[in-house]
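Starting from 1, each residue takes its place in the sequence as its number. As the structure is a computational prediction, the values presented were derived from the model and not from experiment. Just so you know, ligand 1 is whichever comes first in the structure, and atom 1 is the first atom listed for that ligand.
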Amino acid sequence: MTVKDEIEQLRAELDEHNYRYYVLSAPTISDKEFDDKMRRLQELEAAHPEYADPASPTQRVGSDISKEFKQVAHRYPMLSLGNTYSAEDVRDFYERTARLLGEPFEIVAELKFDGTSISLIYEEGVLVRAVTRGDGTRGDDVTANVRTIRSIPLRLRGDDVPAEVEIRGEVLLPWSEFDRINQERAAQEEPLFANPRNAASGTLKQLNPAIVAARRLDAYLYYVLGEELPADTHYGNLQAARRWGLKVSDATQVCHSLDDIYTYINKWDTERKNLPVATDGIVLKVNSLRQQQALGYTAKNPRWAIAYKFQAEREETRLNSVSYQVGRTGAVTPVANLEPVLLAGTVVKRASLHNADIIEGLDLHIGDQVYVEKGGEIIPKIVGVNKEARTMMIGEKVRFITRCPECGTKLVRTEGEAAYYCPNDTGCAPQIKGRIEHFVTRKAMNVNIGPETIEDLYEVGLLKDAADLYELKMKDLIRLERRGERSARNLLESLDASKQVPFERVLFALGIRYVGESVAKRLAQAFRSMDALQAATFEQLVATEDIGERIAQSLVDYFAKEANLTLIRRLASYGLQMERAEEEAGARSEKLKGQTIVISGTFAHHSRDEYKALIEQHGGKNSGSISSKTSFILAGENMGPAKMEKAAQLGIRLLNEDEFLKLLED
Ligand code: IVH
């Protein structure tokens, strides 16, 4: 046998044993035998680098320490599901589906795994990329970490694997691993993970893949996407994914009636407690892909699927004290500090109390025995008091504070509103820092600066509002202990890039009360520029679609403050976008006339769909596969190796994103 043959045989054997061990949970050789084979393969590969293969089983533990994750656009947006909590909601979903379809249909019932979602891209059967959900349109490229997850194949098996396929699922930390890691952390006096979901997403974001490998994550896959799928049903595609070597839950079942669905829900509400991983509900999906397409999507969710959440678990514990946190808008949030209690598998020490009315309604006293519940939220809430348990020793009644715990200013409450606010917005530290933190978030200006650096810069007086960011100099930054030159440059570059962020996000970044992402978008569409918005009257604002009195008043109040106007003027002077870019027109040019273009990989400036549209607007043709007719390839990051090779063979030019955009501009 030649060395090459031996390497290939060992790889095939190790892949098979990995699969039997991690996916089927049915190993057929001992750990020692496995390790011996692995060692032999490592030796051979080390001696013969010419046979290197990124999909080799030796390549799971990346040793290269990446500094940060690259963001990549999803080919298909990663949507979430609408939630339901009752049998009636499930019936409503079923009946609505029946009504909309007007023909027989099947529902696939699945477990809703409580981890963090992942999208896996396989090209020519090889795992080329793994991306987190991120904001649904863009996520972090966590490929190096995902490669360490043993139940995720680096190469799919079987001969019906599509050339390109995207598989979505949930990365999880099994309960046993979660407990083991928390014990270790407790021993090191490190903070504990609150639940397996946080632990899984935290682990996936680890910069060092070796740490990720040590945490033994697992993954269940539940959604197959692509242009050429093996089956025309969701269930059929899941079975195909299972044949390809992916871990698909055995609990997945086709239901033919509402009764089938209820039976499934009842069964798993109890049985899930015996599972090795956390689940928080059931997912129901229309089986036929044609019917899925017919049902389509709302802005946020597919109409063909829904999540049913299991009833939250409840525990009783003692209320030790109440503390108050001041947010960026000045809103004061009460938090209950509890005697630690185990709730649905996690230790609960704090709970949200929401607002003064809720505290009043509960008639809370320090020392009360309270009921805590954990719904879908990470933060549990207090839902009641066990008054029977009150004794002579009962503590004082909880009364909402009247002064800001941070700056001492008297709190105010607007008529008809639940929250108390600290009105000292220009002098209260958590508000100032909070506004800057909001300004830099990914969905706002996307500036590379963390809360610690903001804190440090605030402390030394270099950062008193968001506009000060644009005056930061290299020398200021490297003087700060935490900042190396590299990260300082990074920050300055991201500030520069933020000047291209569209107006609607600038508006969102200002952090005007009640002006969230979608409101900012609406306002940008309706008013088109900061000047116009600033000049708008209350009446003009409320006449705008989706803008109610509360938002309108908040805008009027915001623009009435000189400090805010000064901030906006300064931001404008640094070059931030203060008006909406002109609408993309229909046909724009004939620049790509007669050209056939293949898009491959992922992009930073636009999504794939946007590039497809651009190509058409300029008279070009999109094509999915590379051939001698291809004029050029619009190549993003991580273009698949097979495509790369084919392009090289045919001598086809690759244009990167910037070159392509330049081509259209010229
Ligand atoms: S399907 C368009 N199936 O729950 C379909 N999701 O809000 C999208 N999840 O973000 C998801 N188990 O992270 C689906 N069997 C399952 C799931 C599941 C867990 C997660 C997923 C998603 C969220 C739904």
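- Protein residues with a heavy atom under 4.0 Å from ligand 1 are Leu79, Ser80, Leu81, Glu110, Leu111, Lys112, Phe113, Ser117, Glu170, Tyr222, Tyr223, Val283, Lys285, Pro302, Trp304.
- In summary, the aromatic rings of Tyr85 and Tyr308 are positioned with their centroids too far apart to meet the 6.0 Å limit.
- A donor-acceptor distance shorter than 3.5 angstrom exists from the side chain of Asn622 to the backbone of Lys612, with no hydrogens or angles considered.
- For the pair Arg303 and Tyr297, the cation does not sit on the ring face, since its NZ or CZ is not both under 6.0 Å from the ring centre and inside 45° of the axis.
- Residues Tyr94 and Tyr262 place their aromatic rings such that the two centres sit no closer than 6.0 Å.
- Judged purely by atom type and a 3.5 angstrom limit, Ser494 uses its side chain to pair as donor or acceptor with the backbone of Asn448.
- Side-chain atoms of Ile167 and Tyr223, non-hydrogen and from C-beta on, never get closer than 4.5 Å to each other.
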